[in-house]
Enquirer: 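Provided herewith is a single structure, encoded as structure tokens, for subsequent inquiry.
These numbers were taken from a predicted model, which means no experiment stands behind them. A note on names: the letters A, B, ... follow the listed sequences, proteins ahead of strands, and every chain is numbered from 1.
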There are 2 protein chains.
Amino acid sequence: MEKSVICPRFEKAISLLSQRWTALVIYQLLQGPQRFSEIQTSVGISGKVLSDRLKDLEQQGIINRKVIPETPVMIEYSLTEKGASLEPILREIEKWSQCWILPENVEN
Amino acid sequence: MEKSVICPRFEKAISLLSQRWTALVIYQLLQGPQRFSEIQTSVGISGKVLSDRLKDLEQQGIINRKVIPETPVMIEYSLTEKGASLEPILREIEKWSQCWILPENVEN
DNA sequence: AATAATAGTTACTTTATGTAAGTAAGTGTA
DNA sequence: TACACTTACTTACATAAAGTAACTATTATT
């Protein structure tokens, strides 16, 4: 299986957003710049995978990585313009989830 | 890593949409009811994974499965109301991809 | 020197996905 | 009757991605 008929730009966007954790990380950063450990605990992701995702997202121009040379060193991640432009998508997902996901169907 | 602080309904919606292939399958069905093999070739997904996804989506009330007892038997998949209500999300992704994904960055 | 804190990385296990071949049911063909 | 054909899957096996827990580097404090 390989060649699809769907627009490759759309497919690219989908493959970005359907990487596990990616949308949640971006959603979290919509609240403002955050450090590694903050994202990790608020999203509930392992350090290893978060590290991978942040590298990917930085490389794709969706987030910025800023080193704050205090002690201990802190790294602040924030959305770029491209990253912030994903907000409408995430808001639509938020809206949809409020309408269509019943609380009793949410597994914990 | 486990407990996140993000709304569980939103998380559920994200976990649905970030299953690999799921969004593309739904996007494809926005064009109207389609058979297994049509989805398979238009999305470019293996039969095995498509089969898994369709079962999941049916169970979550997002698609309908209709057996057409011709010969050979055909199965028609279509979106339910819940499934169709995902359209605004996919249209936002489509819009975003047109603005922010450069054609030269689309790998083939 | 030992301890602490942040942001990772590494080694290893488990889960998800890909690939290719195989199955079931119904029809048509030799 | 036997065999091939079509659709919609399933199965067995291989590879890739994610989870877990322990470990590292850096700088500072006790």
Enquirer: Under a 3.5 Å cutoff, is there a donor and acceptor pairing between the side chains of A:Tyr27 and A:Glu94?
Expert: yes

Enquirer: Using only side-chain N and O atoms of B:Lys55, determine if any of them is under 4.0 Å from OP1 or OP2 of D:dT10.
Expert: yes

Enquirer: In whole angstrom, give the distance that lies between atom OH of B:Tyr77 and atom C1' of D:dA8.
Expert: 7 Å

Enquirer: How would you label the contact of A:Gln19 with the nucleic acid (heavy atoms, under 4.0 Å): base, sugar-phosphate, or nothing?
Expert: sugar-phosphate

Enquirer: OP1 or OP2 of D:dA8 less than 4.0 angstrom from a side-chain nitrogen or oxygen of B:Ser37, does that happen here?
Expert: yes

Enquirer: Does NZ belonging to B:Lys95 count more than 12 external heavy atoms closer than 6.0 Å?
Expert: no

Enquirer: Tell me: CZ of B:Phe36 to P of C:dA24, nearest whole Å?
Expert: 17 Å

Enquirer: Using a heavy-atom cut-off of 4.0 Å across all strands, would you classify A:Glu38 as base, sugar-phosphate, or nothing?
Expert: nothing

Enquirer: Is there a side-chain contact between B:Arg65 and B:Ile75 in this structure, where contact means two heavy atoms from C-beta onward sitting under 4.5 Å apart?
Expert: yes

Enquirer: Tell me whether the OP1 or OP2 atom of D:dT10 has a side-chain N or O from B:Ser51 closer than 4.0 Å.
Expert: yes

Enquirer: Would one find a side-chain N or O of B:Arg53 under 4.0 angstrom from OP1 or OP2 of C:dT17?
Expert: yes

Enquirer: Calculate the interatomic distance between A:Glu70 atom CD and D:dA28 atom P; express it in whole Å.
Expert: 11 Å

Enquirer: If each of B:Met74 and A:Val73 is mapped to the nucleotide of DNA chain D with the nearest heavy atom, which maps nearer the 5' terminus, i.e. the 5' end?
Expert: B:Met74

Enquirer: Using whole Å, report how far CD of B:Gln40 lies from P of D:dT7.
Expert: 11 Å

Enquirer: Testing the basics here: between B:Ile63 and B:Leu29, what is the closest heavy-atom pair and its distance to 0.1 Å?
Expert: CG2-CD1, 3.7 Å

